[in-house]
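Throughout, residue positions are numbered sequentially from 1 according to the sequence presented. Order of listing sets the numbers, starting from 1, for every ligand and every atom in it. The figures here come from the full heavy-atom set of this structure, side chains too, leaving out hydrogens, waters and symmetry mates.
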Amino acid sequence: MYGTIPGVKIVVAGGTGFIGEPLVRRLLALGHEVSVLTRNPDKVPAGRGVKWDGKSQGPWSSVIATADVVINLAGENIADGRWTAERKRQLTDSRTDSARALVAAMKQAKQKRTFINASAVGYYGTRGDEELSEEGSRGTGFLADLTASWEQEAREAEAVSRLVILRFGVVLAGEGGALAKMALPFRLGVGGRVGSGNQWISWIDREDLLRMIEWVIANEAVRGVYNATAPKPVTNREFTAVLARALHRPAIMPAPAFALRLAFGEMADEVLLGGQRVVPSRAVAEGFAFQVPSIEASLRNAFAK
Ligand SMILES: NC(=O)c1ccc[n+]([C@@H]2O[C@H](COP(=O)([O-])OP(=O)(O)OC[C@H]3O[C@@H](n4cnc5c(N)ncnc54)[C@H](OP(=O)(O)O)[C@@H]3O)[C@@H](O)[C@H]2O)c1
């Protein structure tokens, strides 16, 4: 088992981000050798920075040739800026190009390895109260199209690797990510539910996500698509109440749908007003143990300091 033996050679593309940086630190602490594919090697906070552009082959491919595990988290940030046609193209291309480049580098090398590619629960689109395991069908909308194209590129690695695609829910941690954005109105005393509040939020505590990635690395039998979400998704209404309690702030100002559409455009419908009720059926059935299964525990930890 990889996970129990230190010294595994691991490459993390996008290893400088909200998920990547703590992942790299954790893998280093476990004694693994970690290289980070990045556009700015001078700014890599942890691990050995190796320069790439996220699309073309270059000297970086040699680290892939000797890697036991390749993890792909690279991509332009979904929530940074309005989804104009140009921005949507960047969001999609930065993911499909980087996956394609990694797969091409893996195909050049003879050795078989583990390839973990990020995806997102946006794959399922907005689906009301329907409970969605990994068997759930692809939905509609920009994020469903983006993740489907991303996964399709990653699947090209199946012939040369043990492929695992993780459909991440909203990743929660005390600093950064979606929670920092969601908490801000509450900190200002103007927080409240979003739209009707009935839409589902499939979330995962970042610590559990990092543990799940370790579990994937350690278990050869894990392959294919997994929902990387906590076992209990919540509605926006429930999330709002727990967030307000964790921050000791009121939740009195609902954000109306029309105002969100005005402010965020198309992103409002898919990310804020829409949602999906996703469950981690495969991870649970195959023995992954969540340590932060409730939203109360996750938000309490996030704001404990
Ligand atoms: N955070 C969440 O809640 C969440 C939920 C669902 C899915 N995901 C997915 O999980 C992945 C990691 O998420 P994150 O929150 O850690 O993202 P993040 O903080 O935005 O980091 C993404 C990383 O991708 C690299 N990157 C950005 N634009 C790029 C480009 N044009 N070409 C190549 N690399 C580029 C950056 O590395 P360098 O600047 O060092 O090159 C950056 O460190 C993302 O693909 C995201 O879509 C995240």
Side-chain angles (χ1 to χ4, degrees), residues 11-26 34-56 58 60 71-81 83 86-102 116-124 142-151 153-154 164-182 201-210 212-213 225-230 233 239 267 270-272 275-276 278 280 298 302:
V11 176
V12 185
T16 56
F18 168 71
I19 298 165
E21 182 187 339
L23 173 67
V24 170
R25 289 192 194 281
R26 196 178 178 96
V34 187
S35 301
V36 173
L37 294 182
T38 171
R39 294 162 302 164
N40 300 297
D42 302 340
K43 294 194 185 145
V44 168
R48 183 169 70 99
V50 176
K51 190 170 174 64
W52 78 331
D53 66 359
K55 48 183 177 235
S56 9
W60 63 267
I71 303 173
N72 183 21
L73 303 171
E76 294 282 339
N77 196 290
I78 295 284
D80 277 353
W83 289 355
E86 170 61 12
R87 184 64 188 155
K88 283 181 172 174
R89 195 186 55 73
Q90 290 167 354
L91 292 170
T92 303
D93 290 356
S94 59
R95 287 175 172 74
T96 51
D97 288 352
S98 53
R100 194 178 309 120
L102 290 168
I116 303 172
N117 199 86
S119 180
V121 295
Y123 175 86
Y124 301 108
F142 170 63
L143 291 179
D145 293 348
L146 178 154
T147 47
S149 310
W150 197 12
E151 291 187 10
E153 288 296 345
V164 179
I165 292 174
L166 294 178
R167 292 185 183 144
F168 297 171
V170 179
V171 182
L172 303 180
E175 82 323 310
L179 192 54
K181 291 193 169 86
M182 289 156 125
I201 301 179
S202 297
W203 60 278
I204 184 166
D205 190 274
R206 189 171 64 185
E207 288 299 306
D208 267 343
L209 176 60
L210 303 186
M212 192 184 282
I213 293 173
V225 173
Y226 289 75
N227 290 335
T229 59
F239 183 87
M267 198 198 303
E270 290 205 27
V271 179
L272 301 168
Q276 47 291 114
V278 176
S298 180

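- Heavy-atom separations between Trp150 and ligand 1 include at least one value shorter than 4.0 Å.
- Residue, atom and distance of the protein heavy atom nearest to atom 22 (C) of ligand 1 are Gly75 O, 3.6 Å.
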Exercise. Step by step, would you call Glu175 with Arg206 a salt bridge (charged side-chain N to carboxylate O under 4.0 Å, His left out)?
Worked result: CA-CA 11 Å; Glu175 82 323 310; Arg206 189 171 64 185; 3.2 Å; yes
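- At distances below 3.5 Å, not a single donor-acceptor pair connects side-chain atoms of Gln276 with backbone N or O atoms of Gly122.
- Nearest approach of Ala13 to Leu102, heavy atoms of both residues: CB-CD1, 4.0 Å.
- Proximity of a side-chain donor or acceptor of Ser94 to a complementary backbone N or O of Glu76 within less than 3.5 Å is detected.
- At a 3.5 angstrom cut-off on N or O pairs, Val170 does not count as close to ligand 1.
- With rounding to the nearest 0.5 angstrom, the OG1 atom of Thr92 is 8.0 Å from the CG atom of Asp145.
- Looking only at protein heavy atoms, the nearest one to atom 5 (C) of ligand 1 is Gly169 O, 3.3 Å.
- With hydrogens and angles disregarded, no donor-acceptor distance shorter than 3.5 Å links the side chain of Arg167 to the backbone of Tyr124.
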For this session: Step by step, work out the side chain to side chain donor-acceptor pair (under 3.5 Å) result for Ser119 and Glu151.
Result: CA-CA 7 Å; Ser119 180; Glu151 291 187 10; 2.7 Å; yes
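- Here the side chain of Glu270 pairs a donor or acceptor atom with the backbone of Leu143 at under 3.5 angstrom.
- Closest heavy-atom contact between Ala118 and Leu73: CB-CD2, 4.0 Å.
- Looking only at protein heavy atoms, the nearest one to atom 19 (O) of ligand 1 is Phe18 N, 2.9 Å.
- Protein heavy atom closest to atom 37 (O) of ligand 1, with residue, atom name and distance, is Thr16 OG1, 3.1 Å.
- The single protein non-hydrogen atom nearest to atom 21 (O) of ligand 1 is Gly17 CA, 3.5 Å, given as residue, atom name and distance.
- Considering backbone and side-chain N/O atoms, Glu76 comes within less than 3.5 Å of an N/O atom of ligand 1.
- Each of the following atoms of ligand 1 lies closer than 4.0 Å to a heavy atom of Ser94: 30 (C), 31 (N).
- Closest to atom 8 (N) of ligand 1 among all protein heavy atoms lies Phe168 CD1, 3.7 Å.
- Of all non-hydrogen atoms in Trp52 and Ser98, the two that sit nearest each other are CH2-CB, 3.5 Å.
- Electrostatic pairing of Glu207 and Arg26 counts as a salt bridge here, judged by a charged N lying under 4.0 Å from a carboxylate O.
- Checked by distance only, ligand 1 and Arg95 come closer than 3.5 Å through their nitrogen or oxygen atoms.
- Any N or O atom pair closer than 3.5 Å counts here, and Ile19 shares at least one such pair with ligand 1.
- In Ser98, neither the side chain nor the backbone holds a heavy atom less than 4.0 Å from any atom of ligand 1.
- Annotation: Val171 places an N or O atom under 3.5 Å from an N or O atom of ligand 1; distance criterion only.
- The shortest N or O to N or O distance between Ser119 and ligand 1 is not under 3.5 Å.
- Of the N or O atoms in Asn77, one or more lie within a sub-3.5 Å distance of an N or O in ligand 1.
- For ligand 1, the atoms sitting less than 4.0 Å from at least one non-hydrogen atom of Ala120 are 6 (C), 7 (C), numbered in the order shown with element in parentheses.
- Taking any N or O of Gly15, backbone or side chain, none lies under 3.5 Å from an N or O belonging to ligand 1.
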Problem set entry | Derivation and outcome, salt bridge (charged side-chain N to carboxylate O under 4.0 Å, His left out), residues Arg95 and Glu153 | CA-CA 9 Å; Arg95 287 175 172 74; Glu153 288 296 345; over 6 Å; no
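- Of all atoms in ligand 1, listed by their number and element, those nearer than 4.0 Å to a heavy atom of Ala74 are 24 (O), 34 (N), 45 (O).
- Closest to atom 44 (C) of ligand 1, if we only count protein heavy atoms, is Leu73 O, 3.4 Å.
- Remark: Ser298 OG to Phe239 CZ distance equals 8.0 Å, nearest 0.5 Å.
- Any N or O atom pair closer than 3.5 Å counts here, and Arg39 shares at least one such pair with ligand 1.
- Below 4.0 Å from some heavy atom of Thr38 lie the following atoms of ligand 1, by number and element: 38 (P), 40 (O), 41 (O).
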